[in-house]
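Here the structure comes first, spelled out in structure tokens, and everything after it is commentary.
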Amino acid sequence: MTTTEAQATLDKIMQRITGAPNSFSLEQFQKKYAFDVSLPLQVQDVTTGEATWTQAVNASKFMTLGNIKAQAIATNWEQPKRPLKSIEDMLQAWEVVNYIATERQIESLNVAQSDNVYFSENVFRSQDVIRGKNILFSESVTECEYVVAGQRSFRSVYCARVEDSANCSNSFSVSWSNNVVNSLFVLDSSNLYECMFCASIKDKKFCIANMQFTEAEYWPLKAMVLQWLLEP
């Protein structure tokens, strides 16, 4: 996934959530709204010097999955036999082949700057993505589409900053919640539609800070929040 494609995806997500053109570049959005998401780090393949991406932040020897596979085809990674007379000998022999694979993916397409991606498509700077599409700056998301800055969430679509939540759509900053639609800044809640700044409530519409408003009262206040949300 190129940065141009990732930017277009971010634009589409934010347009869907806010109803207005996205005002953030990829870098601006990551800095402001994905600052706390665990993302792959850039390292170097020690065999080629090329830049690559990993979630194994405590390792020291990296090699891209592609280069590891190429070496397997060429040599099957077999080493000449040598005497092993001590633990130190075994550890030294282990060091020769002990590379951490980077940019790991299984049956995935158009993945960039990511690690641990499974059965997914169009993934950028993310890790632990399973059966996802159009995922940016996210970690541990499953069966999600058009999600940016997601963490440990499931079956959500067109969301930004969705965390420990499931079945959310067209929403921003939702945490520990389920079935939240067209809402902003929601915590520990379920079955909400068009709510903002709400916590620990369920089965509500047009609530702000857990207070019930009429639909007519709600829309001007949401417009104010969306304008604030889009400020770089």
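Everything numeric in this text was worked out from a predicted model, so none of it was measured. In this chain, numbering begins with 1 at the start of the sequence shown.
- Taking the side chain as every heavy atom from C-beta outward, Val117 and Ile106 never approach each other to under 4.5 Å.
- Here Tyr218 and Phe213 keep their ring centres 6.0 angstrom or further from each other.
- A donor-acceptor pair under 3.5 Å links the side-chain atoms of Lys32 to the main chain of Glu231, judged by distance alone.
- Ser189 and Ala199 get closest at one heavy-atom pair: OG-C, 3.6 Å.
- No donor-acceptor pair closer than 3.5 Å links the side chain of Asn170 to the backbone N or O of Val181.
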- Message: Run Glu217 and Thr214 through side chain to side chain donor-acceptor pair (under 3.5 Å) and show every step you take.
- Response: CA-CA 5 Å; Glu217 292 170 329; Thr214 67; 3.2 Å; yes
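- Here the side chains of Val186 and Leu192 are in contact, with some heavy-atom distance below 4.5 Å.
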- Query: Is there a side chain to side chain donor-acceptor pair (under 3.5 Å) between Asn191 and Asp203 once you walk through the steps?
  - Reply: CA-CA 5 Å; Asn191 303 323; Asp203 304 322; 3.0 Å; yes
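- Apart from Ile100 itself, the hydrophobic cluster it occupies contains Val43, Phe62, where clustering links Ile, Leu, Val, Met, Phe, Trp and Tyr at side-chain heavy-atom distances under 4.5 Å.
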- How far apart are the C-alpha atoms of Ser38 and Glu139, what are their side-chain angles, what is the distance that settles it, and do they pass the side chain to side chain donor-acceptor pair (under 3.5 Å) test? CA-CA 6 Å; Ser38 296; Glu139 179 257 335; 4.8 Å; no
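- Within a 6.0 Å radius of CD in Gln212, more than 12 heavy atoms belonging to other residues, nucleotides or ligands are found.
- Ser108 places a side-chain N or O within 3.5 Å of a backbone atom of Phe119 that can act as its donor or acceptor partner.
- When each of Arg104, Gln105, Glu121 is checked for a side chain to side chain contact (heavy atoms under 4.5 Å, CB included) with Val111, only Gln105 meets the rule.
- The other residues sharing a hydrophobic cluster with Ile68 are Val46, Met63, Trp77, Trp94, Val96, Val97, Tyr99, where clustering joins ILVMFWY side chains under 4.5 Å apart.
- Checking side-chain atoms of Thr9 against main-chain N and O of Gln7 turns up no donor-acceptor pair under 3.5 Å.
- Salt bridge annotation for Lys202-Asp188: absent, with no cationic side-chain nitrogen under 4.0 angstrom from a carboxylate oxygen.
- In this structure, CZ on Arg82 lies 6.5 Å from CD on Gln92, to the nearest 0.5 angstrom.
- Proximity of a side-chain donor or acceptor of Ser140 to a complementary backbone N or O of Arg152 within less than 3.5 Å is not detected.
- Counting non-hydrogen atoms of neighbouring residues, nucleotides and ligands closer than 6.0 angstrom, the NZ atom of Lys61 exceeds 12 such neighbours.
- The two residues Leu136 and Ala6 make their nearest non-hydrogen contact at CD1-O, 3.5 Å.
- The six-membered or imidazole ring of Tyr33 lies away from that of Phe137, with a centre-to-centre distance of 6.0 Å or more.
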- Please lay out, stage by stage, how Trp53 and Gln42 fare under the test side chain to side chain contact (heavy atoms under 4.5 Å, CB included). CA-CA 5 Å; Trp53 298 81; Gln42 188 178 52; 3.8 Å; yes
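- Scanning both residues, Pro40 and Ser114, for their nearest heavy atoms gives CG-CA, 3.9 Å.
- Distance alone, capped at 3.5 Å, places no donor-acceptor pair between the Asn67 side chain and the Thr47 backbone.
- Residues Val174 and Leu187 form no side-chain contact, since every pair of their non-hydrogen atoms from C-beta on lies 4.5 Å or further apart.
- In this structure, Asn178 contributes its side chain and Ser190 its backbone to no donor-acceptor pair below 3.5 Å.
- Side-chain atoms of Ser173 do not come within 3.5 Å of backbone N or O of Arg161 as any donor-acceptor pair.
- Using a 4.5 Å heavy-atom cutoff, the side chains of Leu10 and Phe29 are in contact.
- Using a 4.5 Å heavy-atom cutoff, the side chains of Leu109 and Asn122 are not in contact.
- Smallest separation of non-hydrogen atoms from Cys195 and Phe206: SG-N, 3.8 Å.
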- Yes or no on side chain to side chain donor-acceptor pair (under 3.5 Å) for Ser25 and Glu27, after CA distance, side-chain angles and deciding distance? CA-CA 5 Å; Ser25 67; Glu27 182 179 357; 5.4 Å; no
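- Considering only heavy atoms from C-beta on, Val123 stays 4.5 Å or farther from Asn110 through its side chain.
- For Tyr158 and Tyr146, the gap between ring centers is short of 6.0 Å.
- Contact detail for Ile201 and Lys204: the closest heavy-atom pair is CD1-CG, 3.9 Å.
- Ring geometry, Phe197 versus Phe185: the interplanar angle falls under 30°, so the pair is classed parallel (tilted spans 30 to 60°).
- In this structure, Ser120 contributes its side chain and Lys133 its backbone to no donor-acceptor pair below 3.5 Å.
- Judged by distance alone, with hydrogens and angles left aside, the side-chain atoms of Thr52 form no donor-acceptor pair with the main-chain N or O of Thr64 at under 3.5 Å.
- Annotation for Leu65: hydrophobic cluster partners, listed by chain and number, are none (ILVMFWY side-chain heavy atoms under 4.5 Å, direct or chained).
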- Does the side chain to side chain contact (heavy atoms under 4.5 Å, CB included) test come out yes or no for Asp36 and Gln151, once each step is laid out? CA-CA 10 Å; Asp36 55 349; Gln151 300 181 78; 4.0 Å; yes
